[in-house]
Structures are given as C-alpha cells and as structure tokens.
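Have a look at the structure below, then the notes.
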Amino acid sequence: ASEAKDYDVIFIGGGVAGYVGAIKAGQEGLKVACIEKRGSLGGTCLNVGCIPSKSLLNNSHLYHQILHDTKRRGIDVGDVKLNLKQMMKAKDESVNGLTKGVEFLFKKNGVDYIKGHGAFVNEHEVAVSLIDGGQTQVKGKNIVVCTGSETTPFPGLEIDEKKVITSTGAIALEEVPKKMLVIGGGIIGLEMASVWSRLGSDVTVVEFLGQIGGPGMDVEIAKNTQKILTRQGLKFKLNTKVTKGDASGQGVKLDLEAAKGGKNETVEADVCLVAIGRRPYTDGLGLENVGIEQDERKRLVIDQEYRTKIPHIRVIGDCTFGPMLAHKAEEEAVAAVEYIKHGHGHVNYNAIPSVMYTNPEVAWVGQNEKELKEAGVKYNVGSFPFTANSRAKTNLETDGMVKFLSDAETDRILGVHIIGANAGEMIAEGTLAIEYGASSEDVARTCHAHPTLAEAFKEAAMSTYSKAIHY
Ligand code: FAD
Ligand code: NAI
C-alpha cells in the first residue's frame, strides 16, 4: 500500500462536481486525480441527464412544431416524418463531443484521469478497481467524494430500461410507445413526458401531490404550466398515488388510488417511466472504512465547508444536501477547491436557479409565494404576461408570464418565477439581481433592449412597486 501515488486532492466521481473540481484544482496548481468508473467523464449530467435530455427536448419540439405550428406562420410543409434513429444519433453526438471535451480539459489542466471504481481503504487511501482490469491505489492529502445519485426505485416494479424505464431508458427508447405512463410529475417526469408525447405517444402523468413540477415551483406557475401541457396533449392524474405496479404481462399495469380517499383504478401502458426522485449513490465506496455519516435519506453529512467528520474528506454534488442540479454541483466544486487551497469559498444557496426545459420553459430563483407565506414574510407581487410583450407577439409565442416577489418594506427581490419561451435564459438576470441584493426598482430602471422577451422581465419588476407601461 505504501506504493500508492500521492496527490494533493483526489476526486471520487467524474460527474459535474468531480470534473469541475478537478479542473479547478489543476488550475490552482494542486496535484490532482479524478477517479471515474463509467468509462466516460461528465457523470449523469453529460452522459444520461441534462445533455441528452435537452437534445431530445429540442429536436422533438422542432418536429412537433413543424407538424402542428407552421400553417399560421405562412409555411406549408409536405411530408414530415420522424427518424428516431437519427434523432438519437444527434443526441449521442452532442454527448460524445462534450465528454471528450472534458477529457481534453483534464489533459490541459494536468489532471490524472483514473478509469475505475474507487473505494476508501482508510482516511487517506483509495483503492481503484480499474476498468481495464487490475487494481491501483492512490493517496490523497484531501479527498472529495462526488459519487452522485441514482433513480429512486418504485417498490415492486423492476427496471429493465425497456418496458419499465428510468430517465436513462427514456432517452434511449428505440420506438415511440403507443401509450406511456409516468410515475411522478416532477422535472424528469414532465421533460420526458413532453419528449415522447411530441413524438406521438399517448402519455399520462400520475402525481401524488396536488401540483406538478415538484415543490419548488410556484403554485400559480405550476397551474399555468399544467394547462399549457394539457393543451399539448399530456394527460394528468394529480392527487393520485400509485399503489402497485405489475410488469409481468405484455405491458405495464399500475394500480392507482386517489390520495384523499376516492375511487381506485388500474391503468395500462406499453412503457412506464419511474420518476419519483433521485437518491444519493454511494455503493461500494467503502464508507464503513472511514466512518462517514449518512442521514435518513442516504445523504452524506457535511458542514458548511463540505467537510465530513474527517476534515480532509469533503462531499459535494448530488450525494449530499441541496438541490440535485448540475450548476449547484459545479459551484460547490469550485468552492470546495478554494476551501482546500485558500481556506475560504462561497456558494449562495439562495441564488440557485431551477429550469424545466418543457415548452414553454419554466424557470425560477429564490423563494415562491408558499414559502414566503410560511416564513411570515410580507411581500409584493408584480407580474407581466407575454401576451403583452411585443417580441412574444411577433414570435407567436405568447404563452406565459414573469412574476416578481419582493420584500414589502425594502423592495428587495425575494423570488422570480417565469413561464415562457426562453425562461431558462431569462432567469439568469433574476439570479444576478438576487446575488447582488437588487430591488425590483433596480431592475425596472435598467434599460432593456427592444423588442426582446426580457422587456417582460423589466415590466414585471416595474409592476411590483409601480405600474407596468404596456399592461
Ligand atoms: P453525477 O453526475 O451523478 O456524477 C457522479 C459520477 O460518479 C458518475 O459518473 C459515477 O459513475 C461516478 N461514481 C460513482 N461512484 C463511484 C466510485 N465509487 N468510483 C468512481 N466513480 C464513481 N441538472 C441540471 O442542472 N439541469 C438539467 O437540465 C438536468 N437534467 C437532468 C436530466 C436527467 C434525466 C437527470 C437524471 C438529471 C438531470 N440533472 C439536471 C441533474 C444533474 O444531472 C445532476 O445534478 C448532476 O449530474 C450531479 O452531478 P454530480 O457530479 O454530483 O453527480
Ligand atoms: P422530483 O423530486 O423533481 O419529482 C418527483 C415527483 O414524484 C414529485 O412531484 C413527487 O411528489 C412525485 N412522487 C413521488 N412518489 C410518487 C408516487 N408513489 N406516485 C406518484 N407520484 C409520486 O424528481 P425527478 O423528477 O425524479 O428528478 C430528480 C432530480 O433530477 C430532481 O431533483 C431534479 O433537480 C433533477 N433534474 C433536473 C432537471 C433540470 O434541471 N431541468 C431535469 C431533470 C432532473
């Protein structure tokens, strides 16, 4: 074991958290290694998450739009056909380009990329079972755990990624299922339901809660979203619990129960997507050899500086607290390296945007109305609909609105919620405003180019403390 190569810092996991941390450490002049068992860098996000799903969302939207939304734009199209194989190939090309890009960045920044499964031997040493066979051992002054997350399984429904699928199967189906059931109306459920519904599947989303989009989404925005997605052909069963699944026959059967008592029913489909959340992944990591704590949801327990009970072992990304988002993992990675190198780092957990890449997109940052009410905060609401925005009108994309929540006394922005075309880009301005502690008046007095969708953002801010001009 004394043969082990020495590093200043070792990252276990080469997802967004691990690869960004490794590059940053290299830039800071630290001797760094990153251990990844997948055979490709970028983790869930680049390989089976953010990137492939956005490729399919973009191209399925284009297909759906060409089929259903060209006539009124003055474009007559002929025979439109889906070539699913090619759509999947385009997705794979985006993924491969990006994962190879990360490998190049590792070389550029002097990161040792160790391909294999890492497990703690003791507080400083990690044994790696190499993908190509054999073992090696590395030693780190600092070790950062970033092993990510996995789909939470639904009891009784075995995942085969063909008939009963997770998001990983949902980005790789070989044909469009006639009927599809989605358990869970959160972000994965809605993004994947959108893709397959646009490509022709009859999709029903079953959600336990009374609203779609998960708990962070503002109720008013969630209702708006549901209305628009229903118009697009998606079906929803809210306040409904899936009690049992059966995939033993040709398709998949689900037993449903109304959450607050009511009638039970059984529904059937060719394919069922399980999207009821994700949980930290730490299998075979040898946590028992170092005594790192996990909470009741399997999250690795850390302090404000990402340290476990063993101060030189830190944890970042999906396998610890906070939202399971790629950009959150990325921020933590930079901060963790800064703590290691300089003793201080910074992530503002109040200013982490969320984006759902449906059509229209839904995006938010900061708090929603329910959260503010629960916290007893007095707030003002300002909003502006895209129907009154000139660019949205010219684009024939007038669905949605921008909503501002600001402190009733100081006008400081507490939350921004958007549903509309390009919401995911526009939310960056809200995030910056919150990061800088801006008031809604600060935003409203900032000149925005005309004609842009961002003017709706400015006018929503204006209506928070005064009146919008165009509505
Ligand atoms: P991961 O990306 O999961 O990386 C962990 C890596 O560690 C994996 O590659 C794994 O193979 C490796 N590993 C695990 N254990 C070991 C070990 N013992 N030894 C070596 N390697 C190991 N987030 C967004 O912000 N925007 C999106 O649009 C978005 N879309 C998503 C779509 C889908 C379908 C899914 C599933 C997720 C999406 N996410 C999105 C979430 C995002 O993918 C995660 O938040 C992000 O990947 C977390 O990064 P991470 O590095 O913590 O973990
Ligand atoms: P989620 O937590 O967003 O949604 C799960 C939904 O399933 C919840 O609304 C929950 O009420 C519901 N549910 C749970 N059990 C149920 C049951 N038995 N029956 C019916 N409904 C049930 O989790 P999801 O969608 O799986 O996504 C996991 C993570 O991946 C999220 O935390 C998200 O942050 C991340 N992600 C982010 C994306 C983005 O940023 N665009 C895209 C995809 C995933």
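Just so you know, residue 1 is the first one in the sequence shown, and it goes up from there. Ligands are counted one by one from 1 in listed order, and the atoms in each one are counted from 1 as well.
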Any idea which part of Arg278 is under 4.0 Å from ligand 1, heavy-atom wise: side chain, backbone, both or neither? side chain
With atom 3 (O) of ligand 2 as the reference point, say which of Ile187, Thr243, Leu238, Val362 has the nearest heavy atom. Ile187
Is it the side chain (CB and beyond), the backbone, both or neither of Thr151 that lies under 4.0 Å from ligand 1, heavy atoms counted? neither
Does Lys54 approach ligand 1 within less than 4.0 angstrom via side chain, backbone, both or neither, non-hydrogen atoms only? side chain
Do Phe404 and Phe457 have ring centres separated by under 6.0 Å? yes
The reported gap from CD in Glu371 to CG in Leu405 (rounded to nearest 0.5 angstrom) is 10.0 Å
Supply the atom-to-atom distance Ile228 CD1 to Asp399 CG, rounded to the nearest 0.5 angstrom. 4.0 Å
Going by distance only, is there an N or O of Leu209 that falls short of 3.5 Å from an N or O of ligand 2? no
re atom 1 (P) of ligand 2, the protein heavy-atom contact at minimum distance is Gly186 CA, 4.2 Å
Closest to atom 41 (N) of ligand 2 among protein heavy atoms sits Val355 O, 2.7 Å
Can you tell me which residue and heavy atom of the protein come closest to atom 20 (C) of ligand 1, and the distance to 0.1 Å? Gly116 O, 3.4 Å
Nearest-0.5 Å distance, CG of residue Asn422 to CD of residue Glu361: 6.0 Å
Residue that, paired with Phe236, satisfies side-chain contact (heavy atoms from CB on, under 4.5 Å) out of Val206, Thr204, Leu229: Leu229
Pick one of side chain, backbone, both or neither for how Cys146 approaches ligand 1, counting any non-hydrogen atom pair under 4.0 Å. backbone
Using a strict cut-off of 4.0 Å, indicate which atoms of ligand 2 neighbour a heavy atom of Ile183. 19 (N), 20 (C)
Just need the protein heavy atom nearest to atom 2 (O) of ligand 2, so name the residue and atom and give the distance. Gly277 CA, 4.1 Å
From Val182, Leu273, Thr240, residue fulfilling side-chain contact (heavy atoms from CB on, under 4.5 Å) relative to Val205: Val182
Close approach of Gly284 to ligand 1, heavy atoms, under 4.0 angstrom: no
In this structure, does ligand 2 have an atom that sits under 4.0 Å from one of the heavy atoms of Ala275? yes
Return yes if some donor-acceptor pair links the side-chain N/O of Asp270 with the main-chain N/O of Lys178 below 3.5 Å, else return no. yes
Identified salt bridge (charged side-chain N to carboxylate O under 4.0 Å, His left out) counterpart of Asp8 within the set Lys141, Lys139, Lys31: Lys141
Among all protein heavy atoms, pick out the one at the shortest distance from atom 20 (C) of ligand 2; state its residue, atom name and that distance to 0.1 Å. Phe208 N, 3.4 Å
Proximity to ligand 1 by part of Ile12, non-hydrogen separation under 4.0 Å: side chain
Thinking salt bridges, do Lys370 and Asp218 make one under a 4.0 Å N-O criterion? no
Which is closest to atom 7 (O) of ligand 2 by heavy-atom distance: Pro155, Gly184, Pro353? Gly184
Run the numbers for me: atoms of ligand 1, each under 4.0 Å from some heavy atom of Gly118, listed by number. 17 (C), 18 (N), 19 (N), 20 (C)
Inspect the contact between Glu150 and Arg279 and indicate whether a charged nitrogen and a carboxylate oxygen are less than 4.0 angstrom apart. yes
Going by the closest heavy atom to atom 29 (C) of ligand 2, which one wins out of Lys54, Arg279, Arg278? Arg278
Looking at Pro153, is its backbone amide N or carbonyl O close enough to the side chain of Thr151 to form a donor-acceptor pair, meaning the two atoms are under 3.5 Å apart? no
Going by the atom numbers of ligand 1, which of them fall below 4.0 Å from some non-hydrogen atom of Gly15? 2 (O), 4 (O), 6 (C), 51 (O)
With atom 43 (O) of ligand 1 as the reference point, say which of Ala333, Pro280, Cys45, Gly322 has the nearest heavy atom. Cys45
Check whether any heavy atom of Val48 sits under 4.0 Å from an atom of ligand 1. yes
Which one of Cys319, Ala326, Gly13 has a non-hydrogen atom at the shortest distance from atom 23 (N) of ligand 1? Ala326
Which protein heavy atom lies closest to atom 13 (N) of ligand 2, and at what distance to 0.1 Å? Ile276 CG2, 3.9 Å
Looking at ligand 2, does any of its N/O atoms fall within less than 3.5 Å of an N/O of Gly214? no
Where on Thr152 is there a heavy atom closer than 4.0 Å to ligand 2, on the side chain, on the backbone, on both, or on neither? neither
By number and element, which atoms of ligand 1 are closer than 4.0 Å to a non-hydrogen atom of Ser167? 34 (C), 36 (C)
Please list, in number order, the atoms of ligand 2 under 4.0 Å from a heavy atom of Tyr357. 41 (N)
Is any side-chain N of the basic residue among Glu265 and Lys237 closer than 4.0 Å to the acidic one's carboxylate O? yes
When rounded to the nearest 0.5 angstrom, what is the spacing between SG in Cys272 and CD1 in Ile183? 4.0 Å
Which of the atoms in ligand 2, numbered in the order shown and given with their element, are less than 4.0 Å from a heavy-atom of Val206? 20 (C), 21 (N)
So CG of Asn395 and CG of Leu453: to nearest 0.5 Å the spacing works out to 6.0 Å
Does the residue Lys328 have a heavy-atom contact with ligand 1, meaning some pair of atoms that are separated by less than 4.0 Å? no
For ligand 1, is any non-hydrogen atom under 4.0 Å from Ser149's backbone (N, CA, C, O), its side chain (CB onward), both, or neither? backbone
Nearest-contact summary for atom 25 (O) of ligand 2 - protein heavy atom, Å: Ile188 N, 2.9 Å
re atom 34 (O) of ligand 2, the protein heavy-atom contact at minimum distance is Met324 O, 3.1 Å
Measure from atom 42 (C) of ligand 1 to every heavy atom in Gly49, Cys50, Gly18 and give the option owning the shortest one. Cys50
Nearest to atom 10 (C) of ligand 2 by heavy atom, Glu361, Gln211, Lys328, Glu207: which? Glu207
Do Leu254 and Leu157 have side-chain heavy atoms sitting under 4.5 Å apart? yes
Strictly under 4.0 Å, does any heavy atom of Tyr357 approach an atom of ligand 1? yes
Proximal ligand 2 atoms for Leu325, defined as those under 4.0 Å from one of its heavy atoms: 34 (O), 37 (C), 40 (O)
For atom 15 (N) of ligand 1, the closest protein heavy atom turns out to be Thr147 CG2, 3.3 Å
Under 4.0 Å from one or more heavy atoms of Phe154, ligand 2 contributes atoms 18 (N)
Out of Glu36, His327, His117, Met324, whose heavy atom is nearest to atom 41 (C) of ligand 1? Met324
